[in-house]
Amino acid sequence: MIQLDPQKLPVHLAVIMDGNGRWAQQRMLKRIVGHQRGAETVKMVVEQSSLLGIRYLTLFAFSSENWSRPAMEVRALMTLLKKYIRQETARMMRKNIRYNVIGNRSDLPDDVNETLDEAILKTAGNTGMVLTLALSYGGRQELCRAAARLAQEAIDGRLSPGDITTELFDSYLDTGGLPDPDFLIRTSGEMRISNFLLWQLAYTELYFTETNWPDFTINELHKALADFQSRERRFGMTSDQLTQRGDLSNA
Ligand code: FPP
């Protein structure tokens, strides 16, 4: 059993859930079966994260680039998503979890948006973990949307370019109001960010595992979190400065 320090968990955990297709292909199954099994892993990670006391969990469920997949796979993924949200909302209520969505929602089919709106509204008063689903999400697209909104504010005379600070820019992103992720897990052995949370990951600790998403277990999650707890996060400072800061804050 892996021991975790409850005081040193990430406040915000982000996950790139990769390898569903390969998991299925290795078993001569259709890719969608990999996604269905992946949805079971989602349930486990949501439940565990909430149990452990993680405040924010953000899952990369569908990228802006995923629209170029075969139409049948896109349709199946949208159906799976809708089914998952409908089935899980009651559990989210029991566990006090609040749904949130980032990404370009105008690209999503109307029925998916309706299901999302219902779930967001129903769970809006929940005060536990915030579960953010990144859907039709791309980091570059999100940055462009934020820049366009800021430009419009400047044209309308509500803002001058000199007012744009990192804090202000941050508040114009889809993730405005969420803290940056402390820890990012990516499954399936690929070591890249793939247009996920490009701005927000500036100081995030990264963790890569060879395991495909459907095979990712509670034990692997705990192993990843234990790895996070062993890291020294310096945010551009020196190790000595951090120690001094720690001494002062403990004084
Ligand atoms: C990446 O695997 C995964 C996706 C594009 C979709 C993720 C979806 C789920 C985990 C299931 C539904 C989600 C929720 C929130 C219920 P891939 O298909 O790119 O795998 P590959 O790289 O092996 O082909």
Side-chain angles (χ1 to χ4, degrees), residues 13-50 54 56-92 95 97-105 107-109 111-120 123 129-139 141 174 184-197 208-218 220-221:
L13 168 65
V15 187
I16 302 180
M17 314 181 285
D18 197 12
N20 292 346
R22 272 162 290 166
W23 181 93
Q25 276 159 349
Q26 283 157 12
R27 290 160 179 79
M28 309 291 181
L29 298 167
K30 293 204 172 100
R31 293 176 57 83
I32 187 60
V33 181
H35 295 311
Q36 285 161 351
R37 284 295 293 265
E40 295 304 312
T41 310
V42 172
K43 275 186 209 164
M44 178 280 285
V45 169
V46 169
E47 173 141 12
Q48 277 299 306
S49 302
S50 150
I54 288 172
Y56 301 88
L57 174 66
T58 299
L59 303 175
F60 201 4
F62 194 87
S63 74
S64 310
E65 291 72 27
N66 286 154
W67 292 115
S68 343
R69 292 197 172 193
M72 211 169 79
E73 182 172 343
V74 171
R75 259 199 312 275
L77 267 169
M78 291 297 140
T79 306
L80 179 61
L81 193 71
K82 227 170 53 177
K83 195 171 136 205
Y84 178 92
I85 302 212
R86 287 211 175 123
Q87 279 179 355
E88 289 301 299
T89 303
R91 200 198 309 256
M92 299 298 108
K95 307 230 171 250
I97 298 172
R98 178 156 68 86
Y99 273 120
N100 180 41
V101 175
I102 56 171
N104 191 358
R105 283 192 59 185
D107 283 346
L108 295 171
D111 56 341
V112 172
N113 268 323
E114 281 159 24
T115 307
L116 289 170
D117 281 338
E118 268 172 42
I120 291 170
T123 61
M129 189 174 81
V130 178
L131 170 61
T132 300
L133 300 178
L135 295 170
S136 190
Y137 176 86
Q141 291 83 342
D174 296 356
L184 171 82
I185 298 175
R186 180 173 187 151
T187 57
S188 92
E190 309 294 354
M191 297 207 203
R192 52 180 174 261
I193 298 302
S194 300
N195 204 14
F196 190 42
L197 301 175
F208 300 99
T209 167
E210 292 286 326
T211 307
N212 286 324
W213 181 249
D215 282 336
F216 191 73
T217 57
I218 296 183
E220 283 234 38
L221 174 65

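As the structure lists them, so they are numbered: ligands from 1, and atoms in each ligand from 1.
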request  = Examine the proximity of ligand 1 to Thr41 and report which part, side chain or backbone, both or neither, has a heavy atom under 4.0 Å away.
outcome  =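 Looking at Thr41 and ligand 1, no heavy atom falls under 4.0 Å.
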ask   = For ligand 1, does Trp23 get within less than 4.0 Å through its side chain, its backbone, both, or neither, judged by non-hydrogen atoms?
value = neither
message = If we count only N and O atoms by modelled type, under 3.5 Å, do the side chains of Trp213 and Ser188 hold a donor and an acceptor together?
response = no
inquiry  = Is it the case that the side chains of Gln141 and Asn104 hold a donor-acceptor pair, with the cut-off being a distance below 3.5 Å and no angle test?
reply    = no
Starting from [atom], what is the nearest protein heavy atom, named by residue and atom, and what distance separates them?
{"atom": "atom 22 (O) of ligand 1", "value": "Arg22 NH2, 2.9 Å"}
{"atom": "atom 9 (C) of ligand 1", "value": "Asn20 ND2, 3.6 Å"}
{"atom": "atom 19 (O) of ligand 1", "value": "Arg69 NH2, 2.7 Å"}
{"atom": "atom 1 (C) of ligand 1", "value": "Met17 O, 3.2 Å"}
{"atom": "atom 20 (O) of ligand 1", "value": "Gly21 N, 3.0 Å"}

Note, Ile185 side chain near Leu221 side chain (heavy atom, < 4.5 Å) =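 They are in contact (side-chain heavy atoms under 4.5 Å apart), so the answer is yes.
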So, is [X] polar-close to ligand 1, with some N/O to N/O distance under 3.5 Å?
{"X": "Tyr84", "answer": "no"}
{"X": "Leu80", "answer": "no"}
{"X": "Arg31", "answer": "yes"}

Sequence-distant partners of Tyr99, ring pair (Phe, Tyr, Trp, His ring centres under 6.0 Å), two or more places apart =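 In terms of ring pair (Phe, Tyr, Trp, His ring centres under 6.0 Å), with neighbours along the sequence ignored, Tyr99 is linked to no residue.
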request  = In plain terms, say whether Arg105 and Asp117 are close enough for a salt bridge, that is, a side-chain N and a carboxylate O under 4.0 Å apart.
outcome  =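 Asp117 and Arg105: salt-bridged.
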query = At the 4.0 Å heavy-atom cut-off, does Leu59 count as touching ligand 1?
reply =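 Leu59: no contact with ligand 1 (<4.0 Å).
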ask   = Relative to the heavy atoms of Trp213, which atoms of ligand 1 are at a distance of less than 4.0 Å?
value =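 So the answer, numbered in order with elements, is 10 (C).
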